[in-house]
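The structure appears below as structure tokens.
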Amino acid sequence: MKVLTLNFLSCAVKTCKSSSDSFPLHPKEAELAKDDVEINPQLLVNVLPRIDWAALRTTSTELGFPTLPDQPPTAEELEADEKMLQELHTLLMEMQIVEGKLVCGHCGHEYAIREGIANFLLPSHLV
Amino acid sequence: MSRPEDTLQADVHYNDTEARKYTTSSRIQTIQAAMTHRALELLDLQSPSFILDIGCGSGLSGEILSDIPESEGGPHVWVGMDISPSMLDVALQRDVEGDLFLADMGQGVPFRAGTFDAAISISAIQWLCNAESSETSPAGRLARFFNGLYASLKRGGRAVCQFYPKNDVQKQMITSAAVKAGFGAGLLEDDPETKNAKTYLVLTVGSAGTKGDITGVVEGMDGVDVVDSRRKGKTGKGEIKKGSKAWILKKKDQMEKKGKVVKATSKYTGRKRRIQF
């Protein structure tokens with residue numbers, strides 16, 4: 001699962017919908033892999049305003065990546081700076097969580113990830 | 001035509017054998033590809049987008065999303081959800097590019113608000129009309145799904161869901177659930193009244209770049225007739241004033257139809273009586 005996708009995932013449990021702790025999900029015992037993906041600058045510029053930067057910073061520290069700057073780059077800055085574009089592309093699109101768990105900060109539910117597929121099926125008492 | 005959703009649950013029906021059969025059948029591949037292209041045409045995406053594929057299965061439709069050339073606004077990045085582990089296993093073996101999730105669409109869409117540019121679903125949402133346990137109901141599952149989908153799409157986003165409705169009641173049930181969630185909804189039917197009829201539920205969040213209502217989506221497309229079955233303004237009811245001549249005539253007519261003895265209508269019917277001293 002891409003780090004980009006993790007930035008959009010929230011806990012699926014009904015009672016967590018109203019809590020701010022249910023986002024972002026915290027990776028635990030995560031095994032990472034790097035996939036080669038062709039860079040797509042337009043897509044990154046497109047998704048940039050939707051990325052929750054604070055959440056991305058938390059995730060990247062938790063996964064052991066170097067700390068990100070405090071503020072997200074603007075679309076113009078990103079388009080001009082090829083190095084930053086490449087770094088962001090590597091972090092968001094190429095890094096994959098292959099095995100591990102995602103933990104909700106509110107209810108503590110653990111979503112297992114196997115072979116890159118996260119299991120979001122809920123037992124009926126949590127739906 | 002047999003309907004698998006009538007006999008088994010989706011995750012039980014699509015076991016390893018069934019999933020492989022489904023993915024390797026060239027007939028199914030062609031149909032799925034044609035439907036995905038049609039759905040993309042309806043989504044009308046101009047630049048590389050972030051798309052949700054609901055009921056992605058083995059990634060037949062997702063593959064097409066990743067393969068859109070740059071000149072046509074691609075390639076898109078997609079995230080797929082499916083309830084069948086076997087289908088996802090086939091997708092893994094085929095090495096698809098999107099992220100996969102094992103999730104039940106009837107339990108909602110676990111993404112935060114405004115995540116996706118668009119959503120696509122090929123031959124999946126008819127499964128929502130069946131409830132497997134007494135704890136869930138089709139209406140509840142539909143509501144949960146459409147509410148989640150509405151929230152996870154960005155304002156101005158679109159969703160296209162191709163599905164196989166069993167009958168008109170099911171069609172009505174699905175559309176009204178979508179409208180209740182807040183979508184602008186319309187049904188597009190290709191080859192209606194033939195065996196190959198394909199139904200697409202087109203959903204918009206906000207104005208979605210169309211002028212006016214949902215019919216703006218198909219504006220400029222060839223060979224599409226717009227049939228608007230929405231109620232327009234006031235219906236005939238309520239216009240007849242109680243006690244008026246028209247009302248009396250209507251009542252007399254009703255009584256006559258019931259088989260009661262009704263006095264013949266004359267020029268005095270419904271006339272005010274003169275004040276008597």
Side-chain angles (χ1 to χ4, degrees), chain A residues 1-17 19-20 22-25 35-52 55 89 92-98 102 104 109 111-127, chain B residues 11 45-52 56 66 70 73-85 87-89 91-93 95-117 132-136 140-141 144 147-148 151-155 157:
Chain A
M1 187 173 62
K2 297 185 187 71
V3 175
L4 176 75
T5 318
L6 180 57
N7 194 259
F8 290 112
L9 267 178
S10 69
C11 184
V13 176
K14 202 176 185 182
T15 45
C16 285
K17 286 272 182 266
S19 166
S20 57
S22 64
F23 174 81
L25 296 176
D35 245 12
D36 279 328
V37 183
E38 212 171 300
I39 191 162
N40 189 341
Q42 224 188 329
L43 180 95
L44 281 176
V45 173
N46 213 345
V47 208
L48 186 68
R50 269 177 277 160
I51 290 174
D52 191 318
H89 172 73
L92 290 176
M93 312 297 280
E94 292 187 331
M95 291 318 288
Q96 308 260 356
I97 303 177
V98 191
L102 296 175
C104 169
H109 191 86
Y111 299 95
I113 305 179
R114 275 196 209 123
E115 295 185 65
I117 300 180
N119 183 347
F120 269 74
L121 286 178
L122 291 173
S124 56
H125 68 276
L126 284 175
V127 174
Chain B
D11 48 340
L45 297 165
Q46 305 296 341
S47 59
S49 313
F50 197 40
I51 302 179
L52 175 67
C56 62
S66 310
E70 224 165 289
H76 305 296
V77 171
W78 57 277
V79 173
M81 275 167 67
D82 206 283
I83 196 175
S84 157
M87 274 289 197
L88 293 174
D89 189 41
L92 267 187
Q93 287 164 21
D95 207 13
V96 293
E97 277 175 45
D99 276 341
L100 303 169
F101 283 90
L102 180 66
D104 181 3
M105 56 181 159
Q107 293 183 345
V109 182
F111 292 93
R112 68 181 164 91
T115 300
F116 298 103
D117 291 299
E132 290 89 25
S133 66
S134 55
E135 286 159 18
T136 54
R141 285 168 63 77
R144 196 80 194 268
N147 285 333
S152 69
L153 285 172
K154 68 166 190 185
R155 301 306 92 177

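Please read these numbers as outputs of a predicted model, since none were measured by experiment. Below, chains carry the letters A, B, ... as their sequence lines are ordered, and counting in each starts from 1.
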Using heavy-atom distances under 4.5 Å, tell me whether [X] contacts chain B through its side chain, its backbone, both, or neither.
X: A:Phe8; value: both
X: A:Asp52; value: both
X: A:Ile51; value: backbone

Find the distance between CD1 (A:Ile117) and CG (B:Asp89) and round it off to the nearest 0.5 Å.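 Here the interatomic distance stands at 7.5 Å.
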A:Gln96 side, atom CD; A:Glu115 side, atom CD - distance, nearest 0.5 Å: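 The distance works out to 13.0 Å.
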Using non-hydrogen atoms and a 4.5 Å limit, figure out which bit of [X] sits close to chain A: side chain, backbone, both or neither.
X: B:Leu92; result: side chain
X: B:Glu70; result: neither
X: B:Pro75; result: both

Any side-chain heavy atom of B:Arg112 sitting closer than 4.5 Å to one from A:Asn7?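 In short, these two side chains touch, coming nearer than 4.5 Å.
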Side chains of A:Asn119 and A:Arg114 in contact at under 4.5 Å (non-hydrogen atoms):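 Counting from C-beta outward, A:Asn119 and A:Arg114 never come under 4.5 Å.
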So which of A:Asn40, A:Leu4, A:Val47 has the largest heavy-atom pair count under 4.5 angstrom toward chain B?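 Top count of heavy-atom pairs under 4.5 Å with chain B: A:Asn40.
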Taking every non-hydrogen pair under 4.5 Å, which of A:Asn46, A:Leu122, A:Val13 racks up the most with chain B?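 If we count pairs closer than 4.5 Å to chain B, A:Leu122 comes out on top.
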Does the distance from a Lys or Arg side-chain N to an Asp or Glu carboxylate O, for A:Arg50 and B:Asp117, drop under 4.0 Å?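 Salt bridge: yes.
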Before we go on, tell me: are the rings of B:Phe111 and B:Phe50 under 6.0 Å apart, centre to centre?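 Centroid separation for B:Phe111 and B:Phe50: 6.0 Å or greater.
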